[in-house]
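Below is one structure; the comments refer to it alone.
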Amino acid sequence: MADPLVSVAALLAPAFRQVAGPVAGAVVDPVVRPSDRADAQANGALALAKQLGRNPRDVAADVVAAARLDGVATLEVAGPGFINVTFADDYLAASLAAIAADELLGASQSSSPLTAVIDYSHPNVAKEMHVGHLRSTIIGDCIARVMTFLGHRVIRENHIGDWGRPFGMLIEHLLDLGEAEAAHELSVGDMNSFYREAGRKFAADEAFQVRARQRVVELQGGDPETLRLWRLLVHESTRYFNSVYARLGVLLSDDDLMGESAYNHMLGAVVDRLAAAGLLQRSDGADVVFPPGFVNREGDPLPVIVRNRVGGYPYATTDLACVIDRVERVRADLLLYVVGAPQAQHLEMVFAVAQMAGWLQAPTEAVHVAFGNVLGSDGKMFKSRSGDTVKLSDLIDEAVARATRQVAGKNPELSPAEQSEVGRIVGIGAIKYADLSTDRVKDYAFDWERMLAFEGNTAPYLQYAYARIRSIFRRVGVEPHHVRSVVPVLGTPQERSLALALLAFDGAVAETSTRYLPHRLCTYLFELAQAFTAFYDACPVLKAETDELRTSRLALADLTARVLAKGLDLLGIDVPERM
RNA sequence: GCGUCCGUAGCUCAACGGAUAGAGCAUCUGACUUCGGAUCAGAGGGUUGGGGGUUCGAGUCCCUCCGGACGCGCCA
C-alpha cells in the first residue's frame with residue numbers, strides 16, 4: 001500500500017459508500033487514476049451520480065465533504081465531477097522514508113500467493129535458438145522475476161522440443177557424422193547446418209529415410225542404444241542453450257527443463273481419461289475431441305486430435321498432459337504460456353478441452369501470454385542478410401560488440417576490462433529492454449540504433465541515470481545506507497515529482513504482475529529516470545545550501561538508484577557502477 | 001471462406017471507459033565552462049484507417065467496411 005494512489009482510493013471508499021447510501025448495487029469504486037491536472041484524480045463520482053440520478057458535481061462535492069484525508073491529501077471538485085487529489089508534502093515525505101526502510105521498496109507482496117507455472121523459452125533440440133525464442137525467454141524471465149518478487153511460488157518450465165519424428169533423422173545423421181564430430185558441431189553452435197543437413201538427406205536419400213523412420217520406432221520403443229544417442233543430442237543441445245542463457249542472464253537452468261519427452265508416459269492416460277469422460281470421438285480413424293465453438297474453413301467442427309490414425313500422439317496431447325501434470329502434480333493455480341501469438345487458437349482449443357475434461361477448473365487459470373513477431377527495419381520478419389533466421393548467439397555478440405564500441409567512445413577513461421564489462425551489461429540490457437518496453441502482443445521492430453541509443457526510452461538511458469547517482473556517492477564519500485532513515489524535504493517541484501515517481505513503484509510492479517505486461521514496468525522506470533534527471537539538473541546535491549538539504553537530496557538520489565536497480569533487475573537487466 | 005491479432009504525430013511507441021490523446025527519436029529555440037552536457041527547459045507536429053452504434057463520457061466496448069500480419073484436421 002505504498003502507492004499513494006492505492007492508499008487514497010482506500011481512504012475515499014468509505015466516503016463514496018456514505019454518499020451512495022442505501023442504493024442497492026451502487027458502485028462505489030472511487031476510480032483513482034493518475035492525472036495531469038493534479039497528483040491524482042478520482043473519477044468515481046460521475047458513475048455514482050448516474051446511478052443516483054443526481055448532478056455529478058454535487059455528488060463529488062458530497063464525497064469531498066465526507067472524506068477524511070487530513071494530513072494525506074486535499075481534494076477539489078473539477079470539471080464535470082472529477083475529484084482532483086493533491087497529496088500533502090509531509091505525507092509524501094513520510095511515505096518515502098517508509099519505502100526507503102523497506103527491502104521491497106514499497107512493493108506489496110501478494111496476500112494470497114499463487115503457485116504459478118511459467119512455460120517459456122522452449123527451444124528445440126538440435127536447432128538453433130533464434131529471435132522468436134528470444135522474446136519468449138526474455139518476457140517469461142521477467143514475469144518469473146516479478147512474480148517471485150511479489151511472493152508467489154514460481155515454477156519455471158522450459159518445455160524444450162526434445163521428442164518427435166525429426167529425431168529419427170537427427171540420430172541417423174549423428175551416426176553418419178560420428179558421435180565426436182556431431183557433438184563438436186552441436187556444441188560450437190552450428191546447429192543450423194546439422195539440422196539442415198539431416199533434413200536434406202531425409203529428402204534426398206531414400207535409404208536414409210528408411211533408416212530414419214526405423215530409428216523413430218526404436219526411439220519410441222525404448223531401445224537402449226537409440227536412447228543413448230538421443231540423450232547425447234539432448235545433452236549437447238541443452239549445454240548450448242545454457243551457454244546462451246548464461247550470457248543473457250536469464251534464470252533458466254537444467255532444473256527447469258521439462259521437455260516434451262517428460263510427458264510421454266502420460267499420453268495414453270490423457271486419451272483414456274478423455275474417453276472415460278465421454279469426450280472422445282472417432283474421426284477419419286483418429287481419436288479427437290471437438291471443443292465447441294471452433295470450426296474449420298468449411299464451417300465444420302474443428303477437432304483437437306489426441307491420437308492420430310497410426311496411433312501416434314500429436315503435440316496437443318502433450319500439451320494436455322502438461323496441463324494435467326501442472327495442475328495435479330505441481331498443484332499450480334496459474335499456468336502461464338509465454339508463446340507466440342500465432343499459437344493462440346491452438347492453446348485456446350487445448351484449454352477448452354482441459355476445461356471440458358475438468359482438469360482446468362476455476363480458480364485455476366491458464367493464460368496465453370502472447371507476443372508478436374520480431375520485424376526488421378523493412379517491416380518484414382526479422383532475417384539475416386542471407387535470408388536465414390538470425391541466430392540468437394550472433395545477436396548477442398553484435399549487441400555486446402556495438403555497446404562496447406559506444407562505451408569506449410564515450411568514456412575512454414575506463415580500463416579495457418571495464419569497457420568490455422560495461423559493454424556487456426549495456427548491450428544485453430539494450431536487447432532486453434527494447435523487447436520488453438513495448439506491448440508484447442504487438443509485432444516489434446528490431447532496430448540496433450534505437451535500442452542502443454543513450455537517449456530516449458532505452459536501457460542505456462536508465463543505466464546512465466543509475467551510474468550518475470553512484471558517481472555522486474563516490475564523490476561525497478557517504479555510504480548510501482547512512483541516508484536511508486532520512487525523511488526528505490520536498491521543497492521544489494522537481495523534488496516533489498521525483499517523490500511521486502518513487503512512490504509509484506508499488507503500482508507499476510503490481511500491474512506488471514497481474515497483467516503480465518513488462519512494458520508497464522519499463523514505462524514506469526523511464527518516467528522515474530526522467531523525473532530524476534530533471535531533479536538532478538535543478539537541485540544541486542553536493543552544493544546544496546544546507547547540510548539538511550544535502551542529506552535530503554542524497555536520500556532521494558539513493559532511493560532512486562535502488563528503485564532503478566531493482567526495477568531493472570526485475571526486467572533481468574544489470575546496472576553498471578560507472579559507464 | 002472462417003477465425004485471431006494489429007492500424008494512434010514524419011519515425012518508434014504509450015494511454016486500467018474519464019478532462020485539452022501523451023512520450024521518445026528526428027526538426028527548431030534556449031541553458032550560470034556542468035555533483036558525468038550520455039543532460040535539462042521549451043516549440044512546432046494528430047479528423048487515433050473510414051463510417052455507424054452503446055455511454056453522462058470512446059483511441060479503448062459493439063457492428064460494418066478498408067488495409068496489414070498470422071492461424072485454420074493427423075508437423076511441433
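Hydrogens, waters and symmetry mates play no part in the numbers below; they use all other heavy atoms, side chains included. Letters go in sequence order (proteins before strands), and every chain restarts at 1.
Because its glycosidic torsion is more than 90° from 0, B/C65 is reported here as anti.
A/S471 comes within contact range of at least one nucleobase, with a heavy-atom separation under 4.0 Å. Within 4.0 Å (heavy atoms only), A/Q41 reaches at least one base atom of the nucleic acid. Residue contacts for A/P123: at a heavy-atom cut-off of 4.0 Å it reaches no nucleic acid atom on any strand shown. Residue contacts for A/D284: at a heavy-atom cut-off of 4.0 Å it reaches a base atom on one of the strands shown. At a threshold of 4.0 angstrom between heavy atoms, the contacts of A/M579 include nucleobase atoms, whether or not backbone atoms are also involved. Residue-level contact check: A/P540 touches the bases, meaning some heavy atom is under 4.0 Å from a base atom. Heavy atoms of A/N411 sit under 4.0 angstrom from at least one base atom. Within the 4.0 angstrom heavy-atom criterion, only backbone atoms of the sugar-phosphate kind lie near A/V295; the bases stay farther away. Within the 4.0 angstrom heavy-atom criterion, no nucleotide atom of any strand lies near A/R307. As judged by a 4.0 angstrom heavy-atom cut-off over every strand, A/C539 is placed among the base-contacting residues. Using a 4.0 Å heavy-atom cutoff across all strands shown, A/A538 reaches no nucleic acid atom at all. Here A/R165 lies in heavy-atom contact (under 4.0 Å) with sugar-phosphate atoms only.
Distance from the side chain of A/D537 is smallest to B/U39 among B/G7, B/U39, B/C16. Closest approach to the A/A47 side chain among B/A19, B/G18, B/C74 is made by B/G18 (side chain taken as heavy atoms from C-beta onward). Each of B/G18, B/C72, B/U12 was ranked by its minimum atom distance to the side chain of A/F82; first place goes to B/G18. Counting only heavy atoms from C-beta on, A/R475 has its side chain closest to B/G36 among B/C2, B/G36, B/C13. If you check B/A14, B/C40, B/G71 against the side chain of A/Y461, the one that comes closest is B/C40. Comparing B/A76, B/C74, B/G18 by their closest approach to the side chain of A/A286 singles out B/C74. Each of B/G36, B/A19, B/A69 was ranked by its minimum atom distance to the side chain of A/N373; first place goes to B/A69. Minimum atom distance to the side chain of A/Q530 is reached by B/A23, of the listed B/A23, B/C16, B/C13. For A/R450, whose side chain is taken as the heavy atoms from C-beta onward, the closest listed nucleotide among B/C11, B/G71, B/U39 is B/C11.
Using a 3.5 Å distance cut-off with no hydrogens or angles, the side chains of A/Y195 and A/E128 do not pair a donor with an acceptor. Defined by atom type and a distance below 3.5 Å, a donor-acceptor pair is present between the side-chain atoms of A/H346 and A/D319. For the residue pair A/Y433 and A/N457, a side-chain donor N or O sits within less than 3.5 Å of a side-chain acceptor on the partner. A donor-acceptor contact closer than 3.5 angstrom links the side chains of A/Q209 and A/R213. Checking A/T86 against A/D39 by side-chain atom types alone, no donor-acceptor pair falls below 3.5 Å.
If you check distances only, the side chain of A/N84 does reach the base of B/A19 with a donor-acceptor pair under 3.5 Å. Side-chain atoms of A/R33 come within donor-acceptor range of the base of B/C16, with a qualifying N/O pair under 3.5 Å.
For the pair A/T533 and B/C40, the criterion of a side-chain N or O lying under 4.0 Å from OP1 or OP2 is met. The side chain of A/H346 places no N or O atom within less than 4.0 Å of a non-bridging phosphate oxygen (OP1 or OP2) of B/U4. Regarding contacts with the backbone of B/G37, a side-chain N or O of A/R468 is found under 4.0 angstrom from either OP1 or OP2. OP1 or OP2 of B/A15 sits under 4.0 Å from a side-chain N or O of A/R520. Between B/G37 and A/K410, no contact under 4.0 Å exists linking OP1 or OP2 to a side-chain N or O. Using a 4.0 Å cut-off, no side-chain N or O of A/Y444 falls inside it from OP1 or OP2 of B/C6.
A/F532 has its CZ atom 11 Å from the P atom of B/C40, to the nearest Å. Look at CG on A/D443: it is 9 Å from C1' on B/C5, rounded to the nearest Å. Residue A/N457 contributes atom CG, which lies 9 Å from atom C1' of B/A14 at whole-angstrom precision. Regarding A/Q463, its CD atom lies at a distance of 19 Å from the P atom of B/G36, rounded to whole Å. Rounded to whole Å, atom C1' of B/C13 lies 17 Å from atom CG of A/L521. Atom pair A/Y315:OH and B/G73:C1' shows a separation of 11 Å (rounding to whole Å applied). Between the P atom of B/A14 and the CZ atom of A/R515 lies a distance of 12 Å, rounded to the nearest Å. Here the C1' atom of nucleotide B/A19 and the CG atom of A/L46 are 10 Å apart, to the nearest Å.
Pair check for B/G42 finds B/C28; Watson-Crick or G-U wobble, both atom distances under 3.5 Å. Both distances falling under 3.5 Å, in either a Watson-Crick or a G-U wobble arrangement, occur for no nucleotide opposite B/U47. The partner of B/G7, taking Watson-Crick or G-U wobble pairs whose two distances both stay under 3.5 Å, is B/C66. Both distances falling under 3.5 Å, in either a Watson-Crick or a G-U wobble arrangement, place B/U12 opposite B/A23. Remark: B/U33 base-pairs with no nucleotide; criterion is Watson-Crick or G-U wobble with both hydrogen-bond distances under 3.5 Å.
Between A/Y337 and A/F351, the ring center distance clears the sub-6.0 Å criterion. Two rings, from A/Y516 and A/H368, have their centers 6.0 Å or more apart.
Ranked by how close their nearest RNA chain B nucleotide is to the 5' end, A/Y313 and A/P303 are led by A/P303. Checking A/L5 against A/Q494, the closest nucleotide of RNA chain B that is more toward the 5' end is the one next to A/L5.
Between A/K201 and A/E172 there is no salt bridge, since none of the side-chain N atoms of the basic residue sits less than 4.0 Å from a carboxylate O of the acidic one.
When the P atom is used for both B/C2 and B/C63, the distance is 14 Å, rounded to whole Å.
Counted within 6.0 Å of CG on A/D300, heavy atoms from surrounding residues, nucleotides or ligands total more than 12; the atom is thus considered enclosed.
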